[in-house]
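If you're wondering where the values come from, they're calculated on a predicted model, not measured in any experiment. Residue indices begin at 1 and follow the sequence shown. Basis for what follows: all heavy atoms, side chains included, without hydrogens, waters or symmetry-related copies.
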Amino acid sequence: MVYKSLDIARWLIKQATTDVSNIDGEPLTNMKLQKLMYYVQGYFIALFCQPAFADDKIEAWMYGPVVPGIYDYYSKYGHNALPAENSTLEMPVREKRLMMMVYNYYRNFSAVGLMRRTHLESPWRESLPHGRGTVISES
C-alpha cells in the first residue's frame with residue numbers, strides 16, 4: 001500500500017518519542033527524520049516494488065536526502081527535537097515489520113552519522129547537482 005509522506009513521518013516521530021530503549025539517544029530532529037524517510041522509501045521499493053509514499057519525491061540536498069514537503073512542514077523546529085505525534089497509521093503486518101526494522105536499525109545513528117552514510121551511497125552521490133529540485137531516482 002502507498003501512504004502519504006506526512007503519515008510516514010508522523011509514524012516515525014511517534015516511534016522515536018515513545019521509544020524507551022532510546023532514552024539516552026539523540027532526539028529525532030528534522031534532519032534525522034529526512035534520512036529515516038529515505039531509508040523507509042528505499043526498503044519499500046526494494047522489497048515491495050512500490051514506494052512507501054508517492055505524494056512527495058526525495059531530493060538530493062547538500063546534507064543528504066530530503067523529502068521537501070516534510071522538511072518544510074517541520075522546519076519551524078529548526079535543529080530541535082520534533083514533538084510527539086499521534087499516529088494511527090494502519091498498515092499490513094509485513095509493512096509494519098519492515099518499518100520497525102528500518103527504524104530499529106537506523107535509530108541509533110546520529111543525524112550527522114546518517115547524513116555521512118547517505119553521502120557514501122550511490123542514489124545521493126549520483127543525483128547532481130545537490131540541491132533543492134534534484135530528485136533522487138527510485139530505480
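Applying the side chain to side chain donor-acceptor pair (under 3.5 Å) test to Glu121 and every residue at least two apart in sequence or in another chain returns Tyr38, Tyr39. Glu85 meets the salt bridge (charged side-chain N to carboxylate O under 4.0 Å, His left out) test with Arg10; sequence neighbours excluded. The salt bridge (charged side-chain N to carboxylate O under 4.0 Å, His left out) search around Asp55 returns none, not counting sequence neighbours. Residues meeting the side chain to side chain contact (heavy atoms under 4.5 Å, CB included) test with Ile45, sequence neighbours left out: Gln41, Pro51, Glu138. Remark: Arg116 engages no residue in a salt bridge (charged side-chain N to carboxylate O under 4.0 Å, His left out) (not counting sequence neighbours). The ring-ring contact (aromatic ring centres under 6.0 Å, His included) check on Tyr71 picks up Trp61, with sequence neighbours excluded. Not counting sequence neighbours, the partners of Phe48 by the ring-ring contact (aromatic ring centres under 6.0 Å, His included) test are Phe44. Judged as a side chain to side chain donor-acceptor pair (under 3.5 Å), and not counting sequence neighbours, Tyr77 has no contacts. Under the rule for a side chain to side chain contact (heavy atoms under 4.5 Å, CB included), Asn80 has no partner lying at least two apart in sequence or in another chain. Ser122 is linked by a side chain to side chain donor-acceptor pair (under 3.5 Å) to nothing, counting only residues two or more places apart in sequence or in another chain.
Sorted by first then second residue, the salt bridge (charged side-chain N to carboxylate O under 4.0 Å, His left out) pairs that include residues 94-103, not counting sequence neighbours, number zero. Sequence neighbours left out, not one pair with a member in residues 36-45 passes salt bridge (charged side-chain N to carboxylate O under 4.0 Å, His left out).
Annotation for Val102 and Tyr43: closest pair CG2-CD1, 3.5 Å, computed over non-hydrogen atoms.
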